[in-house]
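What follows is a single structure, written as structure tokens, with notes after it.
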Protein chains: 2
Amino acid sequence: MKKEILRKCENDRDDCPVKDVLNRVGDKWSMLTVIMLSDHGTLRFNELHGLIDGISQRMLTVTLKTLEADGLLERKMYPQIPPKVEYTLTTLGESLVPPLMTLYDWANAHMPAIKAARERYGRVTLAAS
Amino acid sequence: MKKEILRKCENDRDDCPVKDVLNRVGDKWSMLTVIMLSDHGTLRFNELHGLIDGISQRMLTVTLKTLEADGLLERKMYPQIPPKVEYTLTTLGESLVPPLMTLYDWANAHMPAIKAARERYGRVTLAAS
DNA sequence: CTGGATCCTAAGGGATACTG
DNA sequence: CAGTATCCCTTAGGATCCAG
């Protein structure tokens, strides 16, 4: 019982950093985008589109804008034709990667246990019928 | 350029542990619930309802079921009237807390920078008009 | 007290077509 | 190439009422 993990955060509606960040971490494409940029360094729009499997053009645009607004990545635009835009993680963005990796490692390490639990759970409810 | 963070995970649709776990981490109430249970140990339904500010009865039920199905918490029911049900993190659930805390710490540490970035971003687009 | 069952809306997000 | 603009469907999730 360590207590106090969530100090005064519990009752905050808006300015709870946990909710806020978890919100961003949780959305479908943001963290995948961050990881891709961390893996490959600087990437252009279409390179990201190719790397992040399944993302739509629209969502890539939205995701990139949000991450840029949060200061996690930098957008460098070359005013030429055809256009060329490069995205790179900022220092702030890079700093997110290690915490993300601990989560990633946890996921890899415990996924078997979770899958097993899910099947067990499924069989239980099934057996009851 | 560390490469290979996302090894062969990029193109997987379903069995990508990152997507799967991030999906759970990202939903509105799961991690808050886990943290509450980590903070307080064993809790009853209504205690959780009181602690997690703003959660609806329905979502608490859904969240608890999902977490139970994933093997992250254990549900102990006392067949009495009125009913009494206790929820406790499993070992697996407890193991999620440290990775979660690194994320929480990151959030606390960098929230000012993110807020600043958001305001800067807002002012930029404003200045353009 | 601990939920289950419904209803309903707001947001997330895909597909497609168009543009500088 | 790098988006923007629409349309539309699906899902998350709140409110409410009911039940053992």
Side-chain angles (χ1 to χ4, degrees), chain A residues 13-14 16 19-20 22-33 36-37 40 42-70 73-88 121 124-125 128-129, chain B residues 11 13-14 16 19-20 22-33 36-37 42-70 73-88 121 124-125 128-129:
Chain A
R13 320 272 171 176
D14 298 325
C16 172
K19 286 186 182 178
D20 197 314
L22 249 48
N23 213 7
R24 185 89 350 122
V25 168
D27 79 48
K28 208 172 176 183
W29 303 112
S30 286
M31 292 308 106
L32 241 32
T33 305
M36 281 306 163
L37 286 173
H40 297 82
T42 296
L43 288 172
R44 301 180 55 172
F45 186 89
N46 268 356
E47 291 175 328
L48 277 164
H49 197 194
L51 283 170
I52 305 172
D53 191 80
I55 196 172
S56 67
Q57 207 175 41
R58 197 181 90 87
M59 285 319 293
L60 181 54
T61 304
V62 171
T63 302
L64 288 171
K65 264 192 186 167
T66 311
L67 292 174
E68 189 197 357
D70 283 2
L73 61 77
E74 194 184 358
R75 181 191 139 110
K76 210 176 301 178
M77 170 143 100
Y78 301 84
Q80 61 190 35
I81 299 208
K84 173 178 170 183
V85 181
E86 288 182 341
Y87 294 93
T88 317
Y121 194 83
V124 168
T125 53
S129 68
Chain B
N11 294 321
R13 320 275 171 174
D14 298 325
C16 171
K19 287 185 182 179
D20 197 314
L22 247 49
N23 212 6
R24 183 89 351 120
V25 169
D27 78 48
K28 208 171 176 184
W29 304 112
S30 287
M31 292 309 106
L32 241 32
T33 306
M36 280 305 163
L37 286 172
T42 297
L43 289 172
R44 301 182 54 174
F45 186 89
N46 266 358
E47 291 176 327
L48 277 165
H49 197 192
L51 283 171
I52 305 172
D53 189 80
I55 195 171
S56 67
Q57 205 173 44
R58 195 181 93 88
M59 285 318 294
L60 181 54
T61 305
V62 170
T63 301
L64 289 171
K65 263 194 186 167
T66 311
L67 291 174
E68 189 196 358
D70 282 2
L73 61 77
E74 194 183 0
R75 183 189 137 109
K76 210 176 301 175
M77 171 145 99
Y78 301 85
Q80 60 190 33
I81 298 207
K84 172 180 172 183
V85 181
E86 288 182 340
Y87 295 92
T88 316
Y121 193 83
V124 168
T125 54
S129 67

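Values reported hereafter were calculated over all heavy atoms of this structure, with side chains retained and with hydrogens, waters and symmetry mates removed. Every chain is numbered from 1, with letters handed out A, B, ... down the list of sequences.
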Nearest whole angstrom, please: distance from the [atom2] of [N] to the [atom1] of [X].
X	N	atom1	atom2	result
B:N23	D:dT11	CG	C1'	12 Å
A:F45	D:dA2	CZ	C1'	6 Å
A:D27	D:dG13	CG	P	13 Å
B:W29	D:dG14	CH2	C1'	10 Å
A:L43	D:dA2	CG	C1'	15 Å
B:K28	D:dG13	NZ	C1'	7 Å
A:E47	D:dC1	CD	P	11 Å
A:K76	D:dC1	NZ	C1'	18 Å

Exercise for review: Counting heavy atoms from C-beta on, name the nucleotide in D:dA2, C:dT2, D:dG13 closest to the side chain of B:M59.
Suggested key: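 Side chain of B:M59 sits closest to D:dG13.
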If we only count heavy atoms from C-beta on, is the [X] to [Y] side-chain gap below 4.5 Å?
X	Y	answer
A:R24	A:M31	yes
A:R75	A:V85	yes
A:L37	A:T88	no
A:L73	A:Y87	yes

**Study point:** 5'-most by nearest nucleotide on DNA chain C - A:G26 or B:M77
**Key:**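 So the residue in question is B:M77.
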Review point. Just how far is it from atom CD of A:Q57 to atom CG of A:L48, taken to the nearest 0.5 Å?
Key: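 The CD atom of A:Q57 sits 12.5 Å away from the CG atom of A:L48.
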Check your understanding: Out of curiosity, A:T63 OG1 to A:I55 CD1, how far, rounded to the nearest 0.5 Å?
Key ->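 Here the rounded value is 4.5 Å.
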Exercise for review: Assign B:Y87 to base, sugar-phosphate, or nothing according to its heavy-atom contacts below 4.0 angstrom with the strands shown.
Suggested key: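 The answer is sugar-phosphate, as B:Y87 gets under 4.0 Å only of primed atoms, P, OP1 or OP2.
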Exercise for review: State whether B:R44 places a side-chain N or O below 4.0 Å from either non-bridging phosphate oxygen (OP1 or OP2) of C:dG3.
Suggested key: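 Checking B:R44 against C:dG3: no side-chain N or O falls below 4.0 Å of OP1 or OP2.
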Exercise for review: Ignoring backbone atoms, establish whether A:K65 has a side-chain N or O less than 4.0 Å from OP1 or OP2 of D:dG3.
Suggested key: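 False: A:K65 side-chain N/O out of range (4.0 Å or more) of D:dG3 OP1/OP2.
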Point to revise | Non-hydrogen atoms of A:L60 and A:F45 that approach each other most closely | key: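 What the structure gives for the nearest pair is CD2-O, 3.6 Å.
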Exercise for review: If a protein heavy atom is under 4.0 Å from the base, mark B; if only from the sugar-phosphate, S; if neither, -; do that for nucleotides 15-20 of chain C going 5' to 3'.
Suggested key: B-B--B
